[in-house]
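We're numbering straight along the sequence, starting at 1.
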Amino acid sequence: MATCFLFTQHFTDEYCLSLRIDAQGQLDAPLERRTFDAIRALQVNARTIVVVPTENSSLHYVELPWLSDSKARAALPYALEELVAQHVTTLHVAFDQEHYKNKQYLTVVIDKELLQNLMNRLDAALLDFDCIT
């Protein structure tokens, strides 16, 4: 299956920087600014990954013992309190148990409101997506 990438650093009310690779990993639509109609055409028979720049998020290693997924989801925001400037309740914390190494979780932190606004803008532009990274 082809994969379409949308780069939110260049997401305006009219266009977005995007590209698409085919199922073999070959570039079949080069990186360029496209209108939302053009992007929707690229999304046919393709999954879509939305790429958020690291200037809008941060990566943190958090030292905690191995926890179940639900316990880690509850504990990680509070374990990050000393590492972030915002109150943890205003942040979305993402992690994957696959990246647990040396008693540390690798986490990605982003402002919840910023993430919600991005998803609302994508919805308003009628741009479906499979994941945000």
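Here the OH atom belonging to Tyr61 is positioned 5.0 Å from the CG atom belonging to Leu106, to the nearest 0.5 angstrom. In this structure, the separation between CG on Leu31 and CZ on Phe5 is 11.0 Å, given to the nearest 0.5 Å. Note that OG of Ser18 and CD of Glu32 are 7.0 Å apart. Values are rounded to the nearest 0.5 Å. Rounding to the nearest 0.5 Å gives a distance of 11.0 Å between CG of Leu91 and CG of Leu114. Taken to the nearest 0.5 Å, the CD atom of Gln116 stands 9.5 Å off from the CD atom of Glu113.
Contact record, Gln9 with Pro53: CB-CG, 3.9 Å, taken as the closest heavy-atom pair. Closest non-hydrogen pair, Asn45 versus Met1, comes out as O-CG, 3.7 Å. Contact between Thr89 and His87 at its shortest, heavy atoms only, is OG1-ND1, 2.8 Å. Summarising the geometry of Thr12 relative to Phe36, their closest heavy-atom pair is O-CZ, 3.3 Å, with the distance given to 0.1 Å.
Sorted by first and then second residue, the side-chain hydrogen bond (donor to acceptor under 3.5 Å, both in side chains) pairs involving residues 96-112 (not counting sequence neighbours) are Gln86-Asp111. Pairs engaging residues 14-27 under the salt bridge (Lys or Arg N to Asp or Glu O under 4.0 Å) rule: Arg20-Asp28 [sequence neighbours left out].
Residues forming a side-chain hydrogen bond (donor to acceptor under 3.5 Å, both in side chains) with Thr54 (at least two apart in sequence, or on another chain): none. Judged as a salt bridge (Lys or Arg N to Asp or Glu O under 4.0 Å), and not counting sequence neighbours, the contacts of Asp37 are Arg40.
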With a 3.5 Å cut-off and sequence neighbours excluded, list the donor-acceptor pairs that the side chains of residues 71-82 form with protein atoms.
| from | atom 1 | to | atom 2 | distance (Å) |
| --- | --- | --- | --- | --- |
| Arg73 | NH2 | Asp69 | OD2 | 3.1 |

Please tabulate, for the side chains in residues 121-132, all donor-acceptor contacts under 3.5 angstrom to protein atoms that are two or more places apart in sequence or on a different chain.
| from | atom 1 | to | atom 2 | distance (Å) |
| --- | --- | --- | --- | --- |
| Arg121 | NH2 | Phe11 | O | 2.8 |
| Asp130 | OD2 | Thr48 | N | 2.6 |

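You'll find the side chain of Ile39 stays beyond 4.5 Å of the side chain of Tyr15, heavy atoms only.
Under a 3.5 Å cut-off, the side chain of His60 and the backbone N or O of Val62 do not form any donor-acceptor pair. Between the side chain of Thr8 and the main chain of Val51, a donor-acceptor pair closer than 3.5 Å is present.
By the rule that hydrophobic residues join a cluster once side-chain heavy atoms approach within less than 4.5 Å of another member, Leu115 and Val52 end up as members of one cluster. Under the 4.5 Å side-chain heavy-atom criterion for Ile, Leu, Val, Met, Phe, Trp and Tyr, Val88 and Val93 are members of the same hydrophobic cluster. Residues Leu83 and Ile110 do not share a hydrophobic cluster, clusters being chains of Ile/Leu/Val/Met/Phe/Trp/Tyr side chains in contact below 4.5 Å. Hydrophobic cluster membership differs between Leu59 and Val109, with clusters built from Ile, Leu, Val, Met, Phe, Trp and Tyr side chains linked at under 4.5 angstrom. Under the 4.5 Å side-chain heavy-atom criterion for grouping Ile, Leu, Val, Met, Phe, Trp and Tyr, Ile49 is not connected to Leu42 through any hydrophobic cluster.
Residue Asn120 places its CG atom among more than 12 non-hydrogen atoms of other residues, nucleotides or ligands, all under 6.0 Å distant.
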